Structure formats: structure tokens, C-alpha cells
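Read the structure below first, then the notes.
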Amino acid sequence: MDIAILDYGVGNLFSLKCALQRAGAEPRIVTIEELGDEIDGLILPGVGSFTAALRKIGASKTKIFDLIDSGTVVLGICLGMQIFFKESEEGRGEGLGVMPGRVVKFREDVKIPHMGWNNLKIVKYNELIEGLADESYVYFVHSYYPSPSRRDFIVTETDYGVTFPSMLAHENLYGTQFHPEKSGEAGRIILENFVKIIKR
Amino acid sequence: MTLAKRIVPCLDVDHGRVVKGINFVNLRSAGDPVELAQRYCEARADELVFLDITASPEKRKILERVVRDVATNLDIPFTVGGGIRGEDDARSVLCSGADKVSVNTAAVEEPRVVSRLVEIFGSQCVVVAIDAKRRYDSGGSVIVKTAEGDCWFEVYTYGGRKATGMDAVIWAQKVAKLGAGELLVTSMDRDGTEKGYDLELTLTISEKVNIPVIASGGAGKPEHFYDAFTIGKADAALAASVFHYDKFPVPLIKKHLIERGIEIRP
């Protein structure tokens with residue numbers, strides 16, 4: 001089982017790597033140049049900005065498209081999920097466009113970033129949240145959230161001034177707006193499920 | 001809105017050991033940071049703060065090896081501070097497993113450090129720690145009425161060793177404007193006393209900024225946490241000695257707060 005964490009060159013991937021190790025995986029941290037064409041699981045981590053991450057991925061987007069087409073299980077975390085979409089209010093750059101919709105900024109009268117522990121309301125069960133209790137608390141740090149144009153992609157929602165999608169899934173693509181690697185036991189369940197899905 | 005209030009144990013680390021003092025002095029040992037961190041994580045603490053309290057006064061770098069050892073088994077957010085002078089220090093701490101860096105002395109001496117760190121790592125990564133002490137004279141800009149008389153709050157740097165003459169409330173507003181993601185506000189008067197947070201300090205700053213405020217200094221019993229969230233309007237409450245000596249474990253404090261209607265991750 002080969003799992004790669006894509007490094008866009010900014011921030012802390014150490015805790016994500018440790019969390020995956022605790023979930024039973026042995027992930028490699030790779031740059032887009034080092035990304036191979038036969039991997040079982042790919043994690044797009046949640047560090048940096050939309051524009052910066054896409055600048056790093058840039059011309060090599062097709063590598064990711066090929067992996068998705070070949071059935072690699074992909075988990076996007078926070079910003080890593082936001083780049084599933086084509087455009088974001090955060091800044092310029094064209095995302096992967098593998099999910100329809102866009103990424104928008106919190107507009108209500110709330111403190112931004114949305115930072116801290118908030119709960120998940122399960123909309124639709126899937127294998128990534130197997131064993132996870134409804135209303136589980138997970139850790140968020142973000143100012144933007146996804147607004148998919150297809151309702152059936154939404155797995156969980158969270159309230160913060162608005163009700164926003166906090167987990168998405170479609171075929172072999174999974175995304176969490178929160179950080180499972182920082183979400184205690186609830187996060188551990190999700191990462192273990194991710195590893196299980198890959199093993200299937 | 002269901003954002004939970006956070007309970008944050010703090011490890012004050014001196015040369016690799018957790019210590020705890022009173023009013024920032026008279027340090028005594030409280031154990032091994034890796035063990036304590038693990039214990040707090042299992043007790044469902046919401047976040048962990050690690051401060052290398054002698055790094056700044058000794059003008060040395062933070063102990064990265066200890067940071068890494070602590071981070072390895074942690075699955076909750078982890079803030080690290082002490083002796084962080086700028087981009088390079090912040091990067092190496094973040095690469096050692098921290099999620100946020102806390103700056104204090106360097107920010108006071110060169111406020112541009114805050115905006116620079118925000119630009120590179122993002123607001124969510126940058127905590128500004130403010131150590132403040134009451135002064136009952138007319139030297140400050142924001143005078144606050146308290147039970148003990150009118151006072152203002154003076155900022156201290158170098159782990160509480162150097163008075164700066166700066167007003168903590170004005171400073172808090174300034175760093176918020178520079179993009180800091182969060183403020184860690186410690187009352188030096190209450191530090192280690194277990195008499196409760198300085199609620200006037202916490203409230204005054206909470207009301208003047210639009211970023212989360214972590215109350216710190218003085219927690220001695222569950223009621224103090226309740227007061228920090230209600231009267232002090234804090235978003236998170238930090239404590240050390242009550243947790244280290246197991247006087248009030250995290251679950252007990254959380255139970256108290258949930259019973260009194262505070263939004264808490266159980």
C-alpha cells in the first residue's frame with residue numbers, strides 16, 4: 001500500500017504523517033515532481049493558500065488527473081479539498097475542477113478564521129465516516145469553504161454563521177474542511193477508514 | 001454557531017523539563033513534557049501550548065528535539081513559543097510539528113515580525129503572547145476600573161523580566177491589525193497563584209479585538225474557567241499547575257462547564 005502526501009512546499013506535514021502512521025499507514029511525503037503514476041492513496045494536505053498551492057502544482061495537474069482516473073483514493077484536507085474546485089474567492093489560479101461548484105469566503109458576522117472545535121452533522125453516510133458519531137467535534141482552521149453545486153456530494157455539514165459543507169465525497173475523491181490529523185479520536189477514525197478504503 | 005470554548009493545558013519548559021512558577025519566578029519541576037502532553041491528549045484537552053520559557057532570556061533557540069518528541073504522539077493542535085525571533089525560527093518549529101507559533105519579545109521589539117510571519121504562514125499560524133502586569137498609576141492609555149482600584153496593564157518581555165512601558169490593550173489592538181490569528185494574554189499578577197484569571201484584563205482585550213483570546217494566568221478551580229468564558233469573554237482558557245499536579249483533571253473541568261451550559265467538546 002503506497003500512500004503519498006503531496007508537499008506544496010509550505011507548512012507542517014509532520015503531524016499529518018504521524019497521524020497516518022498511527023492509523024496504520026506508512027506515507028511518503030513527495031513533491032509534484034516526485035509523484036509517481038502508480039499510487040494507492042494520495043493526500044492533498046491543508047497548508048498554504050489556494051494560489052500558492054496551485055502555482056506549485058501548476059503544469060503537473062495532469063499527473064493528478066491521471067491518478068484520479070486510475071482509481072487512486074484521494075483525500076483533500078482543508079485547502080487540499082478546496083483545490084478540487086476550479087475557482088476560489090481566496091485568489092487567482094485554476095483549481096483541479098474535479099468537483100463542480102466553487103470556494104467561497106465566510107460572509108456572516110463571525111470571527112475569521114473559523115478556528116477551533118466544531119461539530120459535524122451527518123447528511124449522508126459513507127465508508128469514510130464509518131463508526132463516527134453524529135455531532136462529533138473536529139478541529140477547523142479556515143476562512144473559506146466549499147460550495148459544491150451538487151448536493152449529493154455533501155457528507156457532513158457544520159454551522160458557523162452559515163451552514164457549510166464540512167465533508168465531501170464523490171467516487172474515489174474525499175475531502176474534509178477540518179483537519180483530521182488534529183481532531184483527536186474523531187480524526188483518528190476518519191484516517192483509519194481512509195486507510196481501510198485504500199486496502200479494499 | 002457551535003464553536004466550542006477550548007481548554008488548553010500549557011507546558012512551560014525549561015531545558016527540557018516542565019516547570020511551574022509563581023508570578024513567573026520560583027520555578028519548580030512538574031515532569032516530562034512528552035509524558036504530560038500524551039496524558040493531556042488522552043484526557044481530551046482541546047489544544048496544547050508549549051513555551052520554552054528560558055529560551056528568550058537566554059537568547060537561545062527553542063529545543064526543537066523536545067518539540068518534535070511532543071508532537072509525534074499529539075493529535076490536537078499544538079502551539080509552540082519561546083525565543084522565536086522571526087521567519088527561520090518559526091519555520092523550524094513548524095517543521096518540528098507545531099501548528100502555530102507564539103511570539104512575544106520579538107514582536108514587541110520589531111512589530112513587523114508579526115506581519116511578516118502572517119504573510120508567510122497565514123494568520124491561523126501566528127499567536128501573539130502578551131505578558132501583562134497591572135499598574136495602579138496614570139501611565140497607561142486604557143485605564144480600567146477594578147475592585148482593587150483603577151489600573152492599566154503593562155506589557156513585559158523576556159519571560160516577564162523586562163517592563164516595556166507599553167499598554168497591553170493598545171498593543172493587543174495593534175497586533176490584531178498586523179494580522180495575528182490569536183492572542184495569548186497572561187496575567188503576571190495571577191500566574192501560578194490559582195486565584196482565578198484577571199477577568200478585567202481578559203475582558204478588556206476580548207472586547208477590543210476581533211480575534212480569539214486565550215485567557216492565561218491564575219486558574220485554580222473549575223469556576224475560574226467558567227468566569228473566563230462568561231465574564232472575561234475568552235475563547236479559550238489556558239492553565240498549567242491545576243493540570244500538572246492533577247488537582248483538577250481536564251475531564252472534570254469540562255464536566256463542570258458542560259453542566260453550566262458552556263459549549264465544550266466533551
Side-chain angles (χ1 to χ4, degrees), chain A residues 7 9-23 29 46-49 52 78-79 90 106 108-121 133 135-143 158-163 178-191, chain B residues 1-8 40-48 64 67-78 80 90-101 119-127 176 179 181-182 206 209-214 235-236 254 263-266:
Chain A
D7 183 2
V10 273
N12 165 20
L13 300 177
F14 178 77
S15 41
L16 181 57
K17 189 177 177 186
C18 291
L20 280 155
Q21 285 170 336
R22 286 193 296 270
I29 294 177
V47 286
S49 70
C78 193
L79 169 77
E90 190 183 0
F106 282 112
E108 304 302 312
D109 185 25
V110 289
K111 287 186 182 183
I112 294 174
H114 170 222
M115 179 160 67
W117 295 84
N118 205 331
N119 43 30
L120 301 175
K121 298 182 197 323
E135 302 278 326
S136 286
Y137 275 95
V138 291
Y139 190 78
F140 290 88
V141 186
H142 62 124
S143 304
T158 296
D159 291 328
Y160 188 63
V162 290
T163 298
F178 53 91
H179 289 263
E181 75 278 19
K182 289 284 138 190
S183 294
E185 197 196 346
R188 197 154 53 234
I189 292 172
I190 292 166
L191 292 177
Chain B
M1 204 172 94
T2 46
L3 200 57
K5 301 284 187 185
R6 287 169 281 154
I7 302 296
V8 186
Y40 296 147
C41 205
E42 282 161 13
R44 298 180 69 78
D46 299 311
E47 194 156 337
L48 191 74
E64 277 160 33
V67 171
R68 189 169 279 265
D69 289 347
V70 170
T72 304
N73 291 308
L74 219 53
D75 57 9
I76 53 175
F78 184 34
V80 175
R91 180 168 284 121
S92 59
V93 164
L94 292 169
C95 288
S96 303
D99 301 295
K100 310 178 191 178
V101 291
E119 200 182 294
I120 302 166
F121 304 107
S123 279
Q124 82 291 339
C125 235
V126 183
V127 180
E182 198 162 45
S206 290
V209 297
N210 195 29
I211 54 175
V213 170
I214 308 172
D235 297 278
K254 287 195 160 185
E263 192 76 43
I264 291 283
R265 167 193 171 235

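Chain identifiers are assigned alphabetically (A, B, ...) following the order of the sequence lines, protein sequences preceding nucleic acid strands; residue numbering begins at 1 within each chain. For the numbers below, each heavy atom of this structure counts, side chains included, while hydrogens, waters and symmetry mates do not. None of the values given here were measured: they were computed from a predicted structure.
Heavy atoms of B/R44 lying under 4.5 Å from chain A belong exclusively to its side chain. Both the backbone and the side chain of B/R265 come within contact range of chain A, with heavy atoms under 4.5 Å apart. Heavy atoms of B/A98 lying under 4.5 Å from chain A belong exclusively to its backbone.
Note: A/G184 leads A/G184, A/P180, A/S136 in heavy-atom pairs under 4.5 Å with chain B. Contact tally against chain A (heavy-atom pairs below 4.5 Å) for B/D46, B/N73, B/D75: the top residue is B/D75. Annotation: maximal heavy-atom pairing with chain A below 4.5 Å, among B/S96, B/P77, B/G122, B/A4, occurs at B/P77.
In terms of the side-chain hydrogen bond (donor to acceptor under 3.5 Å, both in side chains) criterion, residue partners of A/H114 (sequence neighbours excluded) are, by chain and number, A/N118, A/H142. Evaluation of the side chain to side chain contact (heavy atoms under 4.5 Å, CB included) rule for B/A90 yields B/I84, B/V101, B/L117, B/F121 as partners, not counting sequence neighbours.
Environment of CD in A/E185: sparse, with no more than 12 heavy atoms of neighbouring residues, nucleotides or ligands closer than 6.0 Å.
Using a 4.5 Å cut-off on side-chain heavy atoms (C-beta onward), A/S15 and B/F78 make no contact. For the pair A/F14/B/T72, a side-chain contact is recorded, criterion being any heavy-atom separation below 4.5 Å from C-beta on.
At least one donor-acceptor pair closer than 3.5 Å links the side chain of A/R22 to the backbone N or O of B/L74. Side chain of A/K182 to main chain of B/I76: a donor-acceptor pair is present (N/O by atom type, distance under 3.5 Å, no hydrogens or angles).
Taken to the nearest 0.5 Å, the CG atom of B/D235 stands 4.0 Å off from the NZ atom of A/K111. Note: B/L94 CG to A/L13 CG = 11.0 Å, rounded to the nearest 0.5 Å. Taking CD of B/E47 as the reference point, atom CE of A/M115 lies at 7.5 Å (rounded to 0.5 Å). Note: A/N119 CG to B/L3 CG = 10.0 Å, rounded to the nearest 0.5 Å.
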